[in-house]
Amino acid sequence: SKKSRTTGHQSKTTAQEDTSIDSVFGQFLHEAGVVLRQGSTSNEIAVDQVVFQKRLQQRLKKSPRYPGIVQEFITGLESHIEDPERFRNCLLPCVPRLADGDSSSVSSFQESLLRMLLGIEMLQVLVINTLFEKLPEFMFDGAGQDGLNIPRVIVNQLKWLDRIIDSKELAGKLMQLVSVASVEIQRDIITSLPEILEDSQHSDIARELNSLLQENTQLTVPILDAFSSLNLSSTLLAEVRVSVMATLSAVHLEDLPVVVKFILHSISSSDALEVVCDLRKKLELELCVLPPVLQASQSHIFLQHTNTLLISADQDSVALVLDGIKSAVRFQKTTSEAWLKAIENVDTAEDHKVIDLLVLFILHSTNANHSRRGVERVLKVKVRAGQIQEALLQKTFRGYAQVGKSCYFPSILALAQSLLRSPDPCVVPIGGHMYRLSFTAFDSYCQQEVVGSLVTHVCSGVGGEVDVALELLCGLVTEKPSEMALYAVFVKGILDYMDNLTPQQIRRLFHLLSGLAFGQQQQGTHIQDDMHIVVRKQLSSTVPKYKRIGIIGAVMVVGSMGVTALLELVRSCSESSPEAAALYYDELANLVLTCTLDPLVNNLPSALPPLVCPRSFPFPACMMYNLDDEESQGGIAINLLQLLSDDLQHKGELRVSPLCLSPFFRLLRLCEEQQHQGDLEEIDALLGCPLILTDMDVVEKSESLSKPEREFLCGLLFHTINWFREVVNAFCSQKDPEMKMKVVTRLQNITYLQTLLERTLAATPGYAPPLANFDGESTEGVPLSSSSAAPKKGKKEGTGKKRKAPAKNSSADSSQLEEGTEAEETQQKVQEATRPGVSLVSYRPFFRELDMEVLSVLQCGLLSRSLLDSELHSKVREEVQLGPAELVFLLEDMWRKLEFSLTAAPAKRVPFFKGKTDKSVGFSHLQQKSPKDIAACCVQLLPTLCTHLENCHNHFQTLLPENQGVVDASGLDVREHQLLSSAYQLLLQVLHTTFSWSGFSQPEHRGLLKKILGVLAGRLKEGGPELTMDQHSFEYLLNFHSTVPSLSIALCLSQLLSTFSIERSLPLATLARRFLCQEWRTTSGDREKGPKHNETLQTLLSIYLEHTDDVLKAVEEIAGEGIPELLNSAKGASSRTWPTLNRLTFLVFYKGMMGVLEKAVRKIPPGRNSDSTEKLLTWNLAVRDFHILVNLVKVFDNRPVLNVCLKYGRLFLESFLKLGMPLLDFSFKKHKEDVQSLLKTFQLSTRQLHHMCGHSKIRQDTILTNHVPALKKSLEQFVYRVKAMLTLNHCQEAFWLGNLKNRDLKGEEILTQRSQGSDEEEEEEEAGSPLPQEQSEDEVLAIIDFYSYCIELNYFSNYIYLCVSIKEVSMF
C-alpha cells in the first residue's frame, strides 16, 4: 500500500539507525546533527539546517586529512545511496528530532539531506556530479508506487540554491543531460532551468534552448515556459521570437496557445506591428478545426465519442489561443493597436482570414471605448471595400460557433447592431448576415437575444433599418420555423409600433406574423387571436390610416391562411370609402399576383361591379381613342365622363367611384391571367375600346373656364391617363403584333394627354388631384406647381401624333374618322402653341404605377421623324416602333425605378416634423421585387438599351456634318432634338445607375455583372483579344463621346465611365478635359448657362481633377493659362483654351481648383531624409498654385470667391503646418535656397490672406468674418512655426517680427485701425550667420512649446511689434 512521507515516520523504538555511521560520511553527519535511518524511515535532524551545514563544513575543514577528507566524504555518500531506499531517504525532507527523542510529530519543515549538502560550497560540485551520475539509473522508471518520480526529485534539489559555485558548468551538464534524457525528463529539466541557473547564464542557456527548439517541437511548451522566466535582453528576445515564429506552422495544436502567448507577451512598442502582422499571417486557425461538413460526417461513424472529444479539444485549443490574444490586447495597448493596424493593412478579400474577425470580436469585447470605436471603424471600412464578405462570416460562425457563443456573443451582437444602423447602405447587409448566422449557429439564449435585437430595430422607425430587420425575421421564419415559433411573442410586440411603418413594411410584418401563427409549427398558434383582434380593430377604425393598416393586414392574413372568410369583413368595412375600396382591390391584386388562391380567383371576377357601360351617353360627350374596327353593334366604351360627373354630383352615394376604376381593372386582369395562364383574350376588348370624354379642344380655352370646370377637366385627364397606364400594364406582355401596336398607341395617347394636362394644371393653381396610389399617406401636402411654374424642359412633351392610328383605323366609320381628324388637328395646335406648362414631376404620386414588364415595350425600337418620312409606305405598316416621346416616357420611368431600387439611400432618422411626402409612393409593385430581380431585368433589356443608344449616337452623328457642326441650323426640328437629347441622357443614366449598384460587389451577383459586361463588350466591333471584358466595355462606351449634344449628357457619360476600374483613369481624365475644352450651346444657339449648368460643370471638373495623373499640374494649367486668357478676353467671352471657363463659371472653376488643391496636399506623405528632394518639389508646386489662386481675388473680388478663398486658404495653411513644415525642418540645411524660395512665395499668399481678413472686417460681412478667427490663428502659427524651424537649424538671426498694417484687397491701408509702431511687414529674410552660442535641442523644444502655448492663449498678435531673443524665450 502507498505510504505518505509523514505516516512513514517511525518511532525511535522501531526505526533502526543506518550502519554507515561507522564511515567518515556517517560519522561527520552524526556529529553535525543528522541521523541516517534505514528502510522507509526518513532521516532525522536534531538541529536547524543552517547549523548543520555550518558544523559539517567546519568539521571537514578542521580535519587533518583536509582536503582529502572531502573526497572520502563523497565516497561515503556514494556508497550510502547505492541502496535505492536510502537514496530515496536522502532525497526526501529530513524529520526534525526533538529533545525528548519523540520524532513522530513534525514541528517544522526541513530540507532533504542532499539539498543541505548542496548548500555547502566545498561539497556542491561533487554532490551535483554524484546526482547526475545517479539520475540515469531512474530515467525510465517513472513514478513509483508512492507516486515519487526520482528524476524529477533530483532536479528539484538544484532549484533555488543560495549560491552556485560554477553556474556555467552546471548549465552545460544540464544541457548534456537534456540531450540524452527521455522527453518527460527533458521537460522537467527545461522548465526548471530558470530556477536553477543564475542570471549570468540566462543568455547562453536561451541560445541553446533556441537551437533545441528548432530540432524538437515536442519541447516547445517547456522551452517557451523557460523563456518566459529567463532574464533576456531585448535583442536576444527578438532573436528567440523570430525562431519561435519560424516553428509556428509545425507546432502541435495543443501547444499553439503557449506559443501565441509567448510571442505576444515578448513584443515591444517598436516592433509590435511587424510581429503581429507576421503572427497573423502564419496563424492558420482554419486548419485547426474541421469544417462543419466533416464534423457532421465524423459524428456518424463508429468512433463517435472519440471524434466528439477530438473536435471539442480542437475548439478548446482555439479558445485558449484567443484567450492568449485577449490577455495580450487587454493589458498592452500597443498590441491592441498593432492588431487593429495589421487587419487594416490587409487590402484584398482573399487575404482576410477567420483570425481577423475573431480578433475584431476580441478587441471589441475589451472595456476600452477607443478600442470599440476603432473596431467598428475598421469593420465598416473593410465591408465597404468588399474585403470582408459573407463567406468569411459563414466560415467563422460555423467553424467556431462554440468559441464565439461562449466568449464574444455580446460583441457580435453589438457589432451587428452598429452595422445595421449605419447610414452607409454598403455595410448594412453584413450586419444582417451576422444576425442570421448568430441565430443559426448559437444556442437558444443567443437566439432569443437576436430576435429581441431585431424587434428593436423594427420598432426604431428608421426606414432602412426596419426593412432589413423585417427581411431578416422573415428569412429566419422560412429557414428555422420551429426555432422562430418559440419567440413569436417577441415579434408580436411590433404590432404596437405600426404607426411608424410604411405600407410595404406592414405587408412584410403581417406576412411574418402569419407565417408564425398559421404555420405547421404549433408553438406560434397562440398569437392568432391577437392578430385577429388587431386586424378587426383597425378595420373598424374611422381614421383612414388605421383602416389602411387593417385592410393590408387582413389581406396578408388571408394569403397565409388560404381562406376567404375574412374578405367579407374587409369588403363590408371598405364599402363606405372609395379610397379604402380601391386599396382593398389593389391589395387583392397583389395577393393574386404572389399567391395561389383558387377559391379567391374563382369568386372575385363575378363580384366586381361593372366597369363598362353600353355605348349610350349624353351630349356633349365625345368618344375618343378608339383603336378597334366597328365589327358589331355590341361594342363597349369606358364612360369615364359620366362616372366622374356622377361622382361629383352624388359624392358618397355611389358604390362605384372613378378612383376604383383602375384598381378594379388590375384585379380583373390578374384573375384572368391566373385562370387562363396569361391569356387575356376574354378582356382584350378593353385595350382598344374608346373612352367617353369631352372634346379636348376645351384645353385651349381652359383659362376662360370657371375653376370647378378646370378642376373637372384636370380630374378627367388624370383618370384617363391612369386608365391607359393600367391598360398598358395589362397588355404589355402580349405577343400578338396587333396587341403590341395598340399598346404603343396607348403610350402615344399617354404622352399626348400629359402635354394637355401640363397646360390645364398651369391654368388651375392649387388643384388637388385624385389619388392613384392608395397604400400611402394622404398626399395633400405635396407641393404642387402653380401657373407661374417654369416651363417643361421637353422630357414629357409628346409629338402629339398617333402615328399608326390612321393606318389602323382606315376602315372605321366616318364619324370616327372625323373624331380622329379633329383630335389630330387639336394635337397640331397644341404642338404649335408656346404656352408654358407645369412640370408633372411633383404630380408623380397621382399616377398609377407602371409594372417592370412594361419596359419590354422598349424592344419595339426607335423611330425618328426623318425615318418616318422616308419610309412611310413600307415599314410603318409592318412594324410597331416607338417614337421619341414614348421612348423618353419609358426611359424616365425605368430610370426612376432603378434609382429607387438599386441606389440604396443612406438610412436617416425620422425628423421630428415628418413631411407628408413619401418617396416610396408609386413604387408599391416594385417593392415586391428584390434588387437582384431588377438587375436581372436590366440585363435582359441591355441589348435593347444599347440599340437605342446607338440610334441616338447615329442621329447626332449625321446631324453634325449636315449642319456643319452647328446645332441651331435652319430646318432643325427642335422638339425632336430635345426629345432625343433627353433619351440619350436617360439611357446613360440608366446604365450608370445599373453599373453603380453595390450588389455587384457581392460574390453571388458576380455572374450578373459578367453578363452585363459581356453584352457591352460583344457590341464592340473593334478591339484586340488582349483587352479584358471590362476594358472592352469601357472602349465601347467611350466611342459615344463624339456625339454628346450637351454638357449634362457629357457628364452622364463621364460618370458612367467612372464606374469602371481605376486602371482606366487616364482615358477618363482625357475625356473629361475634352468636354471642358468644348463649347456647349443650346438649340437656340445661346451658350449654356444657369445654376444647373454650373452644377454640371462643377461635377465634370471634379471628375477631371480626381482622375488626372498630376493634380498640381492640372490646376496650374487652368489657373496659369485659362484664367489669364479669360482676363484678356472681351467682357462676355470665354477662355480660348477652356471655352467652358467664362466670368459666369469662374466661381465653379475656382472652387473646384481650391478644393482639389487642398485635398492633394493632404495626401502628400510625410517626407523623410531619403526622399526630401521629391517632396520639397511637390510642395513647391502646390505653394505656387496656391499663390496664383489666392492672388486672383484681386481681380475677382466678389463675396462667393472671397468665401471660397478664406475657407480653403485656412485648410491649405493647416495642412502646410502639419505636413510641410516638418519636411522643411530637416530639408533646410540641404536645400536652403529652395526652402527660402518656398517660404517667400508662401508669405506672399499669407499676406494676401491678411488683407482679405481686413477687408472682411471693414465690409462687416458675417459670412466672411466667420472664417477670420480660425484663419488668423493659423497665420500666427505659421509665423512662429517658421521661427522654430530656423532656430532648429541654428539660423534664428534670419527671423524678425514687425508690425503688419491692416490693408484692403487693393493694398491700401485701412486708416480706421492705424498700427502703432514700425511700418515694416513681417519678413523671413535669408539666413545669416548662426549665433555664436548654439542652443541645445531642449532649448529649441522649449521655444516651440512656448510658442504653441502662447498661441493657444492668444498672447501674440500680428499687430504687436515683437522681438525676442532665444535666451529670453528659453529663460521665460
Side-chain angles (χ1 to χ4, degrees), residues 578-579 582 611-613 615-627 636-651 654 656-665 686 689-728 746-773 779 784-785 787 796 798 800 802 819-820 822-823 826-827 829-830 837-838 840 843-848:
E579 290 83 0
L611 290 179
V612 294
C613 309
R615 193 174 292 179
S616 62
F617 42 86
F619 189 81
C622 180
M623 187 161 52
M624 305 179 68
Y625 305 113
N626 181 26
L627 302 183
I636 59 174
I638 306 298
N639 197 348
L640 192 57
L641 183 67
Q642 182 179 352
L643 202 61
L644 183 59
S645 177
D646 291 344
D647 182 61
L648 292 176
Q649 293 174 7
H650 310 283
K651 195 166 184 66
L654 296 179
V656 179
S657 166
L659 289 177
C660 299
L661 182 62
S662 297
F664 283 161
F665 174 61
L686 293 174
C689 74
L691 277 73
I692 301 175
L693 307 170
T694 188
D695 191 353
M696 290 304 165
D697 282 340
V698 73
V699 174
E700 292 295 315
K701 308 171 186 177
S702 58
E703 295 180 356
S704 62
L705 300 176
S706 65
K707 183 178 179 181
E709 290 173 334
R710 290 198 302 268
E711 291 184 348
F712 178 84
L713 183 59
C714 289
L716 191 63
L717 287 171
F718 268 109
H719 286 300
T720 306
I721 291 173
N722 283 328
W723 168 258
F724 283 153
R725 290 172 75 100
E726 207 56 69
V727 165
V728 171
R746 287 302 182 216
L747 284 175
Q748 293 170 355
N749 299 149
I750 292 173
T751 56
Y752 166 60
L753 287 170
Q754 286 186 162
T755 60
L756 298 183
L757 181 60
E758 288 170 357
R759 298 187 177 182
T760 310
L761 287 172
T764 317
Y767 170 69
L771 291 178
N773 301 283
T779 49
L784 303 179
S785 301
S787 58
K796 286 282 187 180
K802 299 195 294 181
E819 292 166 3
E822 289 177 2
T826 304
Q827 294 172 22
K829 293 177 183 177
V830 173
V838 300
L840 293 182
Y843 291 89
R844 282 172 183 163
F846 301 99
F847 293 114
R848 295 287 290 179

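Predicted model, so just to flag it, every value in this text is computed and none were measured.
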Using every non-hydrogen atom in the two residues, find where Met623 and Ala637 come nearest and quote the distance to one decimal.
SD-CB, 4.3 Å
Exercise: identify the closest heavy-atom pair between Arg848 and Arg725
O-NE, 2.7 Å
Using the side-chain contact (heavy atoms from CB on, under 4.5 Å) definition, which of the options Asn722, Leu693, Leu753 pairs with Leu717?
Leu753
For Pro658 and Leu644, which heavy atoms make the closest approach, and how far apart are they?
CG-CD1, 4.0 Å
Do Leu757 and Phe847 come within less than 4.5 Å of each other through their side chains, counting heavy atoms only?
yes
Excluding sequence neighbours, so at least two apart, what forms salt bridge (charged side-chain N to carboxylate O under 4.0 Å, His left out) with Arg746?
none
Parallel, tilted or perpendicular, judged at 30° and 60°: which one describes the rings of Phe724 and Tyr625?
perpendicular
Parallel, tilted or perpendicular: ring planes of Phe846 versus Phe718, cut at 30 and 60 degrees
perpendicular
Rounded to the nearest 0.5 Å, what's the gap from CG on Asn626 to CE on Met624? Could you check?
11.5 Å
To the nearest 0.5 Å, atom CD1 of Ile721 lies from atom OH of Tyr752 at 11.0 Å
Go through the steps to decide whether Leu713 and Thr764 satisfy the test side-chain contact (heavy atoms from CB on, under 4.5 Å), and finish with yes or no.
CA-CA 10 Å; Leu713 183 59; Thr764 317; over 6 Å; no
Mind checking the CD-CG spacing from Glu758 to Leu840? Nearest 0.5 Å is all I need.
4.5 Å
Check against side-chain contact (heavy atoms from CB on, under 4.5 Å), Leu643 and Ile692:
CA-CA 10 Å; Leu643 202 61; Ile692 301 175; over 6 Å; no
Roughly how far, to the nearest 0.5 Å, is the CG atom of Leu756 from the CG atom of Leu761?
11.0 Å
Go through Ile638 and Phe665 one step at a time and tell me if the side-chain contact (heavy atoms from CB on, under 4.5 Å) criterion holds.
CA-CA 12 Å; Ile638 306 298; Phe665 174 61; over 6 Å; no
Between the CG atom in Asn639 and the CG atom in Leu641, the distance rounded to the nearest 0.5 Å is 6.5 Å
If we check side-chain contact (heavy atoms from CB on, under 4.5 Å) with His719, which of these qualifies: Pro769, Cys714, Ser662, Pro770?
Pro770
Any sub-3.5 Å donor-acceptor pair from Thr720's side-chain atoms to Leu716's backbone N or O?
yes
So, using ring-ring contact (aromatic ring centres under 6.0 Å, His included) as the criterion, who are the partners of Phe712 when residues are at least two apart?
none
Check Cys660 against Pro578 and note the closest heavy-atom contact, atom names and distance.
SG-O, 3.7 Å
